[in-house]
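Report on one structure; see the data block that follows.
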Amino acid sequence: MPKTKTLEQTKLKEPKMFKVLLINDDVTTMDFVVEVLMGIFNHDFNNANKIMLEVHCNGSGVCGIYTQEIALSKQKKVSDMAKIANFPLQTRVEEE
């Protein structure tokens, strides 16, 4: 009886996705939030403005959805940019 080789099929799971949210505060300017959205999250001006208004009106807004590593990297970039500009802008990363 000949030996048969079976190939194991490995199913790759889609990575978990995480959303990055900006949190509204009473100090950070709307212009700075738009700058962050365009500079870090690569939104065009109109989309950045829309998200900024969502943050302002609803208390938070989704900037983008990424793998965990990228989401945490973007969170760090926002924190660094806000610190340099002396703004208390906060972000939150949540599993999608």
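None of the values given here were measured: they were computed from a predicted structure.
Taking every heavy atom of both residues into account, Phe87 and Val27 meet most closely at CE2-O, 3.7 Å. Between Leu89 and Val78, the closest heavy-atom pair is CD2-CG1, 3.9 Å. Contact detail for Phe32 and Met81: the closest heavy-atom pair is CZ-O, 3.6 Å. Closest non-hydrogen pair, Val20 versus Phe41, comes out as CG1-CZ, 3.7 Å.
There is a path of hydrophobic side-chain contacts, each under 4.5 Å, that joins Leu53 to Ile51. One hydrophobic cluster, built from ILVMFWY side chains closer than 4.5 Å, holds both Val55 and Phe45. Hydrophobic clustering, with ILVMFWY side chains joined whenever heavy atoms are under 4.5 angstrom apart, groups Leu72 together with Ile40.
In this structure, Lys74 NZ and Ile70 CD1 are separated by 7.5 Å, a value rounded to the nearest 0.5 Å. The structure places NE2 of His43 at 13.0 Å from CE of Met52, a figure rounded to the nearest 0.5 Å. Here the CD1-CE distance, from Ile65 to Met17, works out to 7.0 Å after rounding to the nearest 0.5 Å. With rounding to the nearest 0.5 angstrom, the CD atom of Glu96 is 10.0 Å from the CZ atom of Phe18. In this structure, the separation between CD on Glu54 and CG on Leu21 is 8.5 Å, given to the nearest 0.5 Å. Summarising the geometry, atom CG belonging to Asn46 is positioned 9.0 Å from atom CE belonging to Met38; distances are rounded to the nearest 0.5 Å.
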For this session: With side chain to side chain contact (heavy atoms under 4.5 Å, CB included) as the test, would you mind laying out the steps for Lys19 and Val93 before giving the verdict?
Result: CA-CA 6 Å; Lys19 53 188 173 184; Val93 173; over 6 Å; no
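Contact check for Leu22 versus Val33: side-chain heavy atoms found under the 4.5 Å cut-off. In this structure the side chain of Ser60 never reaches within 4.5 angstrom of the side chain of Asn24, judged on heavy atoms. Counting heavy atoms from C-beta outward, Asn47 and Lys50 have side chains that approach closer than 4.5 Å. Between Lys16 and Gln68 the shortest side-chain heavy-atom distance does not fall below 4.5 Å.
Remark: Glu69 CD is loosely packed, at most 12 non-hydrogen atoms of other residues, nucleotides or ligands lying under 6.0 Å away.
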